[in-house]
Amino acid sequence: MTATLVNEAGPRPPAASPGASRARRSRRRARVIALLFVLPALLLLGALVVYPVLFSVGRSFFDASGTRFVGGDNYTEMFRDPATLKAIRNTTIWVVVAPALLTGLGLILAVLVEKVRWATAFKLLLFMPMAVSFLAAGIIFRLAYDEDPDKGVLNAAAVSVHDMFQDTSAYPTARARDGQGGLTKASDGAYRTTGTVSPGQSVALGLVGVLPADLPDGTEPAYEAARRTAGADELSGVVYLDFTPGGGGKQGVVDRRENGLPGMKVEAVRAGESVATTTTASDGSFRFDGLDDGAYTVRLPASNFAAPYEGISWLGPTLVTPAIIGAYLWIWTGFAMVLIGAGLSALPRDSLEAARMDGANEWQIFRRITVPLLAPVLTVVFITLVINVMKVFDLVYIIAPGPVQEDATVLATQMWLVSFGGGNNQGLGSALGVLLLLLVIPAMVFNVRRFKRSQR
């Protein structure tokens with residue numbers, strides 16, 4: 001009877017061996033130890049990332065004071081605010097332009113550096129800006145973009161190049177006294193004699209508004225030149241500074257201590273047409289020989305009084321965003337070049353050599369072999385830069401002057417300005433932060449998937 005019951009119950013399961021139990025306990029202990037090691041990082045991640053994100057999402061549904069629930073009003077207001085729309089537009093420009101330029105520059109430099117003897121030094125030189133903080137880089141470029149050529153290196157270069165091909169006026173501040181000096185100002189900025197003169201006559205054209213210290217070297221007094229009489233077939237005169245150093249003298253009369261204005265362009269005009277042109281000598285004197293008989297007007301063209309070229313308004317409303325993108329390129333080009341160069345060094349050289357043996361030139365190899373093989377690396381670099389560009393804040397905030405801050409603003413700076421920079425509306429600022437997060441997440445997911453596929 002007992003044997004029958006035992007047989008019907010079936011065989012008993014084998015008892016677990018002591019070794020398997022120890023293995024399970026060891027694995028459980030390892031998981032606990034791993035969790036303890038990861039726990040500080042998880043706590044920091046939760047405190048610094050997860051909690052702020054959740055808090056910002058919740059805060060975006062409340063008003064500026066944070067006490068009244070407004071639903072989606074902040075999101076609606078966000079797309080009605082002209083400053084926010086301009087920030088979205090500028091962020092779009094950044095996302096489209098900066099990563100594409102950086103990836104292209106990085107690819108070109110990575111390919112070219114391979115053919116340079118001092119490749120390591122060249123890479124170090126290009127990568128060095130990465131060691132500079134965005135704050136320091138912003139200050140550097142704020143000074144470099146200064147409109148004053150004496151401060152801004154870019155405008156100093158622009159002015160130097162401009163002055164090489166086009167002469168600048170030596171007397172931008174010169175002017176005639178009202179009702180004196182025998183000159184009348186034309187609508188184009190030129191000065192002409194009030195009456196007409198004929199060959200055999202002389203005129204004295206007095207100007208003011210020029211500091212004696214600003215006169216060119218070698219300037220001589222105009223008194224003797226004003227006393228000379230003109231020949232029968234010439235029209236002469238003197239252009240002088242109607243100012244006596246130390247006081248004294250008489251307005252409209254060339255005194256002994258009054259200097260001429262050398263290098264001044266003078267024209268003889270008849271019937272509205274310039275028939276002769278000359279330049280004043282070191283004592284301000286000029287003369288026209290061989291003129292036909294008749295009445296002429298002496299004119300000092302507007303080019304004599306044109307303001308000097310001051311360079312380009314890099315930080316004006318039109319160019320401020322491209323200028324800041326230029327600073328960003330200076331910082332990140334080395335990063336793109338190094339990453340792409342690492343991918344380039346891993347390319348199979350036999351493919352490149354086979355293409356060369358088949359008669360392909362370097363451009364064909366670059367376009368049909370190098371770029372396709374580097375596509376995964378280029379994609380990762382491009383997406384990484386897109387994520388970084390969406391978060392750009394420091395450069396925009398530091399480089400853009402206050403009057404054009406709104407013209408250069410991006411989502412990150414607009415979020416700060418709305419929340420803490422005077423707007424004091426953290427509800428709207430949180431909505432902008434949520435929008436920025438939603439824009440960054442797709443690029444982050446894409447990048448993570450690329451990394452996973454590359455690991456497989």
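Residue numbers start at 1 and run along the sequence shown.
No option in V298, L183, L205 other than L205 meets the side-chain contact (heavy atoms from CB on, under 4.5 Å) test with V239.
Of the possible donor and acceptor atoms, one in the side chain of Y145 sits under 3.5 Å from a partner among the backbone N and O of A323. The closest donor-acceptor contact from the side chain of N304 to the backbone of M264 lies at 3.5 Å or more, if one exists at all. R299 places no side-chain N or O within 3.5 Å of a backbone atom of A190 that could act as its donor or acceptor partner. Listed for the R257 side chain is a donor-acceptor partner under 3.5 Å among the backbone atoms of P245. The backbone N or O of T67 lies less than 3.5 Å from a partner atom in the side chain of D63, making a donor-acceptor pair. Distance alone, capped at 3.5 Å, is enough to place a donor-acceptor pair between the T280 side chain and the L261 backbone. Checked by atom type and distance alone, the side chain of T91 pairs as donor or acceptor with a backbone atom of L411 at under 3.5 Å. Using a distance-only test at 3.5 Å, with no hydrogens or angles considered, a donor-acceptor pair links the side chain of N90 to the main chain of D407. Using a distance-only test at 3.5 Å, with no hydrogens or angles considered, no donor-acceptor pair links the side chain of T413 to the main chain of T409. In terms of modelled atom types and a separation under 3.5 Å, the side chain of T278 and the main chain of V266 share no donor-acceptor contact.
Closest heavy-atom contact between V159 and E310: CG2-C, 3.8 Å. Taking every heavy atom of both residues into account, P52 and G46 meet most closely at CD-O, 4.1 Å. Nearest heavy-atom pair across A87 and Q414 is CB-CB, 3.9 Å. Minimum interatomic distance between A222 and V238 (heavy atoms only, all atoms of both residues): CB-CG2, 3.7 Å. Considering all non-hydrogen atoms of both residues, I399 and G138 come closest at CG1-O, 3.5 Å. In this structure, I340 and T103 approach most closely via the heavy-atom pair CD1-O, 3.7 Å.
Atoms CD1 and CG, on I139 and L395 in that order, are 11.0 Å from each other to the nearest 0.5 Å. To the nearest 0.5 angstrom, S285 atom OG is 14.5 Å from Y240 atom OH. Rounded to the nearest 0.5 Å, atoms CG (N155) and CG (D148) are 8.5 Å apart. The structure places CE of M78 at 4.5 Å from CG of L435, a figure rounded to the nearest 0.5 Å. Distance check: W314 CH2 to R142 CZ gives 16.0 Å after rounding to the nearest 0.5 Å. Taking CD from E220 and CG from L215, the interatomic distance works out to 12.5 Å, rounded to the nearest 0.5 Å.
Side-chain contact between V275 and F288: absent, with no pair of heavy atoms (C-beta onward) separated by less than 4.5 Å. Side chains of D214 and Y171 form no contact here, defined as non-hydrogen atoms less than 4.5 Å apart. Counting heavy atoms from C-beta outward, L315 and E147 have side chains that stay 4.5 Å or more apart. Looking at heavy atoms from C-beta onward, R192 lies out of side-chain contact with V269 at the 4.5 angstrom threshold. Proximity of I312 to L154: side-chain heavy atoms (C-beta onward) are nowhere separated by under 4.5 Å. Side-chain contact between E267 and T277: present, with at least one pair of heavy atoms (C-beta onward) separated by less than 4.5 Å. Residues L373 and P348 have side chains in contact (heavy-atom distance under 4.5 Å, counting atoms from C-beta outward). Side-chain contact between R59 and F55 is present, with heavy atoms from C-beta onward closer than 4.5 Å.
F366 meets the ring-ring contact (aromatic ring centres under 6.0 Å, His included) test with W363; sequence neighbours excluded.
Below 30°, between 30° and 60°, or above 60°: for W416 and Y397 the angle between ring planes is above 60°, a perpendicular geometry.
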Audit row: I331, V132, side-chain contact (heavy atoms from CB on, under 4.5 Å) steps and yes/no: CA-CA 8 Å; I331 298 172; V132 179; over 6 Å; no

Could you walk me through whether F243 and V210 satisfy the side-chain contact (heavy atoms from CB on, under 4.5 Å) test, starting with their C-alpha distance in whole Å, then the side-chain angles of each, then the deciding distance to 0.1 Å, before giving a yes or no? CA-CA 9 Å; F243 173 78; V210 181; over 6 Å; no

Please assess F305 against L300 for the test side-chain contact (heavy atoms from CB on, under 4.5 Å), listing each intermediate value before the final yes or no. CA-CA 9 Å; F305 315 103; L300 304 178; 4.0 Å; yes

Audit row: W332, M130, side-chain contact (heavy atoms from CB on, under 4.5 Å) steps and yes/no: CA-CA 7 Å; W332 284 89; M130 284 293 297; 4.0 Å; yes

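More than 12 heavy-atom neighbours from other residues, nucleotides or ligands sit within 6.0 angstrom of CZ on F69. Other residues, nucleotides and ligands contribute more than 12 heavy atoms inside 6.0 Å of the CZ atom of R367. No more than 12 heavy-atom neighbours from other residues, nucleotides or ligands sit within 6.0 angstrom of CD on E406. Within 6.0 Å of the CZ atom in R68, the count of heavy atoms belonging to other residues, nucleotides or ligands does not exceed 12.
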Which donor-acceptor pairs under 3.5 Å do the side chains of residues 375-394 make with protein atoms, sequence neighbours left out?
| residue | atom | partner | partner atom | Å |
| --- | --- | --- | --- | --- |
| T379 | OG1 | A375 | O | 2.8 |
| T384 | OG1 | V380 | O | 2.7 |
| T384 | OG1 | N447 | ND2 | 3.1 |
| N388 | OD1 | Y328 | OH | 2.6 |

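Of the N and O atoms on the side chains of Q426 and S419, not one donor lies less than 3.5 Å from an acceptor on the other residue.
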